[in-house]
Amino acid sequence: MRLSRYFLPILREVPKEAEIVSHRLMLRSGMIRQEAAGIYAWLPLGHRVLTKVCNIIREEQNRSGAVELLMPPPQQADLWRESGRYDDYGKEMLRIKDRHERDILYGPTNEEMITEIVRAYVKSYKALPLNLYHIQWKFRDELRPRFGVYRSREFLMKDAYSFDLDAAGARHAYNRMFVAYLRTFARMGLKAIPMVADTGPIGGNLSHEFIILASTGESEVFCHGDYLGMTPPPADVNFEDAAGLQGVFDQWTSLYAATSEKHDQAAFAAIPEASRMAARGIEVGHIFYFGTKYSEPFGAKVQGPDGAEHLLHMGSYGIGPSRLVAAMIEASHDEAGIIWPDAVAPFQVGILNLKSGDSATDAACDALYAALTKAGYDVLYDDTDERAGVKFATADLIGLPWQVLVGPKGLAGGKVELKRRIDGARELIAPADVVERLKVG
RNA sequence: CGGAGCAUAGCGCAGCCUGGUAGCGCAUCUGCUUUGGGAGCAGAGGGUCGCAGGUUCGAAUCCUGCUGCUCCGACCA
């Protein structure tokens, strides 16, 4: 993409409402624009990151055996009356009347709808296990939205719902998601720690929050320091192997880790002092096993091998991609701007033409742009006629992981400069070697 | 939902108290000079001063109502 043809509204000054660093940087780098309290438009740069985050989530959900569908944001109130949550949910639920005075709501979650769908079609244990997920906009009318897309009213959520014949099957389903989540966050360059959690209004008896550590995190968390050194499960983990997955689960839950609500001072004190970590955390995922809480009111049953009818055992599993984007910035930035992990960077490589209009520099940039694009990289080519300093500042602000600086000084020696955003390391390199060099990482 | 505040150009702000032709910085456009870490000079464009009433010869400014937004607290992917 040529920057001169792109839509990247960079702000030099920060809008006053932005309190936390991720909100400030998302506004400054032209990723989002606020349209109302807690409601945001995703501008092209932000949309690119959000899309990449969703794709990683999607790949790992699919790998674990979950199946994607798409349910609508508006739902009929009657569906929620079946579970009793239409009255329970309170003012967080956005309620609407259509032209026929029918009660409609903008979905804050989808347990009811997915249970209705499964109830309609799934009649036999042979269709199980089943895990259906979608990535869709949710609305929760928060008392006080804040911190940009971190706590917005409209937000994107990946929500998965598992259906099994019995508690043992549901436990396997829970562990599949547990492992998929470990992999998902690791691929985004995040160290997410699973912590014992409250089940809250969703109900149930087994639940974990996935927390990443960041000094600006909302909740206080306590855990064993060894979590930071643990290796996530590999890509070829066997999701059919119930015992193997339970082993991974046991390993990742063997050490102490809890949010402040579930904190056990005595257990924490038992950890050797050097390994005790008390920090701030950001919740980026939450998984629940809740048994027959919804299948019972909905009458969602299948016939088992014994010929009898069995209520489905369910779990639900959420990740907020829009919040995740903000969380990644909280966890990875410096004074100059965002530092994106390669996997989610809006563009992997930036080409900075330090002297637009100089024919040799233009030609070198054009050639590099063509070569990198052909090699499959997402490239942002800054071909504007801004000064070099402006281009450096822009590339660092929007967090391009690799930056190729092309100017007359370097080209005089047959070189361009390759800069790594994360540590500022630079190396002089021949333009023809850039593609090969990036493969090394 | 309790408490506090704000609303004037894309962004940040002044002007309001004491009514009298709507301003500053950044950004944008034009020209010249610059050109490897957010350039300089000169010029230009851009506003129903959140909305609706009222007071007044005259309202950004005073009064009333409304709307939107932000911050602090309790709740939340």
Side-chain angles (χ1 to χ4, degrees), chain A residues 9-20 23-24 27-28 30 33-39 57 89-93 107-111 135-160 181 197-202 207-212 218-219 259 261 282-288 316-327 335-337 352-358 361 382 384-397 403-412 415-417 419 424 426 428:
Chain A
I10 300 269
L11 301 180
R12 198 180 284 209
E13 285 173 280
V14 193
K16 63 179 172 187
E17 72 269 16
E19 289 290 307
I20 63 170
H23 191 195
R24 282 203 297 272
L27 289 168
R28 284 199 57 212
R33 176 172 176 79
Q34 180 169 344
E35 292 297 336
I39 297 178
I57 292 170
Y89 215 93
K91 290 190 169 178
E92 273 201 346
M93 181 187 281
T109 176
N110 282 68
E111 278 84 5
I135 300 176
Q136 179 63 283
W137 294 98
K138 304 290 188 290
F139 196 98
R140 294 183 192 173
D141 202 356
E142 296 280 346
L143 284 175
R144 193 180 156 206
R146 60 183 131 175
F147 304 151
V149 297
Y150 180 76
R151 172 161 310 290
S152 49
R153 294 195 292 170
E154 191 191 41
F155 60 97
L156 197 56
M157 183 155 92
K158 185 288 298 181
D159 39 329
Y181 275 33
D198 264 333
T199 50
I202 294 180
S207 177
H208 285 87
E209 285 180 20
F210 287 77
I211 304 275
I212 63 171
E218 263 190 312
S219 44
T259 59
E261 302 94 60
I282 298 176
E283 181 184 354
V284 291
H286 201 157
I287 61 178
F288 303 86
S316 78
Y317 315 89
I319 295 178
S322 47
R323 162 179 288 190
L324 205 40
V325 172
E335 298 73 29
L352 280 59
N353 185 331
L354 302 183
K355 191 161 176 130
S356 293
D358 176 80
T361 309
D382 190 343
T384 62
D385 56 7
E386 289 290 348
R387 300 161 63 86
V390 174
K391 297 189 179 187
F392 293 135
T394 298
D396 285 349
L397 174 64
Q403 299 166 18
V404 189
L405 318 186
V406 184
K409 286 187 186 174
L411 289 176
K415 305 279 189 183
V416 296
E417 204 168 350
K419 176 183 158 187
R426 297 146 177 261
L428 284 170

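Chain A is the first sequence line, chain B the second, and so forth, proteins listed ahead of strands; every chain is numbered from 1. Because only heavy atoms are used, hydrogens play no part in the values below, and waters and symmetry mates are left out as well, while side chains stay in.
Remark: A/Arg323 is not in phosphate contact with B/rA77, judged by side-chain N or O atoms under 4.0 Å from OP1 or OP2. Neither OP1 nor OP2 of B/rA77 sits under 4.0 Å from any side-chain N or O of A/Lys158. At least one side-chain nitrogen or oxygen of A/Arg12 sits closer than 4.0 Å to the OP1 or OP2 atom of B/rA27.
Closest approach to the A/Arg144 side chain among B/rC71, B/rA77, B/rU70 is made by B/rC71 (side chain taken as heavy atoms from C-beta onward). Of the candidate nucleotides B/rU34, B/rG36, B/rC69, B/rC69 has the atom lying nearest to any side-chain atom of A/Ala37. Considering only side-chain atoms of A/Glu13, the nucleotide from B/rC11, B/rG36, B/rG38 that sits closest is B/rC11.
A/Phe210 comes within contact range of no nucleotide atom at all, as no heavy-atom separation falls under 4.0 Å. Among the heavy atoms of the strands lying under 4.0 Å from A/Glu283 are primed sugar atoms or P, OP1, OP2 only; no base atom is included. Counting non-hydrogen atoms under 4.0 angstrom, A/Lys91 reaches the backbone sugars and phosphates but no base. As judged by a 4.0 angstrom heavy-atom cut-off over every strand, A/Ala388 is placed among residues touching the sugar-phosphate backbone only. The residue A/Leu324 sits apart from the nucleic acid: no heavy atom pair falls under 4.0 Å. Among the atoms of the strands shown, none is found under 4.0 Å from any heavy atom of A/Lys355. Residue A/Asp159 is classed as having no contact, given no heavy-atom separation below 4.0 Å to the nucleic acid. Counting any heavy atom pair closer than 4.0 Å across all strands shown, A/Thr361 reaches no nucleic acid atom. The residue A/Glu417 sits close to a base: some heavy atom pair falls under 4.0 Å. As judged by a 4.0 angstrom heavy-atom cut-off over every strand, A/Gly318 is placed among residues making no nucleic acid contact.
Rounded to the nearest Å, the gap between the P atom of B/rU61 and that of B/rU48 is 16 Å. Across B/rA60 and B/rU18, the matching C1' atoms stand 15 Å from one another, rounded to whole Å. Across B/rG19 and B/rU55, the matching C1' atoms stand 11 Å from one another, rounded to whole Å. The gap from the P atom of B/rU21 to that of B/rC26 amounts to 26 Å, rounded to the nearest Å. When the C1' atom is compared between B/rG25 and B/rG65, the two are found 36 Å apart, to the nearest whole Å. With P as the reference atom, B/rC57 and B/rC69 are 38 Å apart, rounded to whole Å. Taking atom C1' in both B/rU35 and B/rA22, the straight-line distance is 37 Å, to the nearest Å. The same atom, P, is picked in B/rA14 and in B/rG68; the two are 24 Å apart, to the nearest Å.
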Going through the checks in order, is the side-chain contact (heavy atoms from CB on, under 4.5 Å) test met by A/Glu111 and A/Asp159?
-> CA-CA 9 Å; A/Glu111 278 84 5; A/Asp159 39 329; over 6 Å; no
Is there a side-chain contact (heavy atoms from CB on, under 4.5 Å) between A/Asp382 and A/Gln403 once you walk through the steps?
-> CA-CA 10 Å; A/Asp382 190 343; A/Gln403 299 166 18; over 6 Å; no
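Here the OH-OG1 distance, from A/Tyr89 to A/Thr109, works out to 6.0 Å after rounding to the nearest 0.5 Å. For the atom pair CG of A/Leu411 and CD of A/Glu417, the computed distance is 11.5 Å after rounding to the nearest 0.5 Å.
A straight line from CD1 of A/Ile57 to P of B/rA77 spans 16 Å, rounded to a whole angstrom. For A/Arg28 and B/rG10, the CZ to C1' distance is 15 Å, given to the nearest whole Å. As a whole-Å value, the separation of A/Leu354 CG from B/rA39 C1' is 16 Å. B/rG73 atom C1' lies 11 Å from atom CG of A/Leu143, rounded to whole Å. Distance, A/Glu19 CD to B/rG5 P: 17 Å, rounded to whole Å. Following rounding to the nearest Å, A/Glu35 (CD) and B/rG68 (C1') show an atom-to-atom distance of 13 Å. Rounded to a whole Å, the CZ atom of A/Phe147 is 12 Å from the P atom of B/rU70. Taking atom CG of residue A/Asp385 and atom P of nucleotide B/rU34, one finds them 16 Å apart after rounding to whole Å.
B/rC6 is paired with B/rG68 under the criterion used here, namely a Watson-Crick or G-U wobble arrangement in which both key atom distances are under 3.5 Å. The partner of B/rA27 cannot be assigned: no Watson-Crick or G-U wobble pair with both contacts below 3.5 Å exists in any strand. Checking B/rU35 for Watson-Crick or G-U wobble geometry (two distances, each under 3.5 Å) identifies no partner in any strand. Nucleotide B/rC17 forms no Watson-Crick or G-U wobble pair with any nucleotide shown, as no partner meets the under 3.5 Å limit on both distances. Pairing for B/rC1 is with B/rG73, a Watson-Crick or G-U wobble pair whose two hydrogen-bonding atom distances lie under 3.5 Å.
With hydrogens and angles ignored, the 3.5 Å screen pairs no side-chain donor or acceptor of A/Arg323 with any backbone N or O of A/Val149. Side-chain atoms of A/Ser356 come within 3.5 Å of backbone atoms of A/Thr384 as a donor-acceptor pair (strictly under, hydrogens ignored). Distance alone, capped at 3.5 Å, is enough to place a donor-acceptor pair between the A/Lys391 side chain and the A/Asn353 backbone. Formation of a donor-acceptor pair under 3.5 Å by the A/Tyr181 side chain with backbone atoms of A/Gly318 is found in this model.
Side-chain atoms of A/Arg146 stay outside donor-acceptor range of the base of B/rU70, with no qualifying N/O pair under 3.5 Å. Not a single donor-acceptor pair, N or O on each side, falls under 3.5 Å between the base of B/rG38 and the side chain of A/Glu386.
Here A/Phe155 packs flat against the base of B/rA77; its ring centre is closer than 5.5 angstrom to the base's six-membered ring, tilted by less than 30 degrees.
Place A/Glu142 and A/Val406 on RNA chain B by their nearest nucleotides, and A/Val406 ends up nearer the 5' end.
Judged by distance alone, the side chains of A/Glu209 and A/Thr259 never bring a donor and an acceptor atom under 3.5 Å apart.
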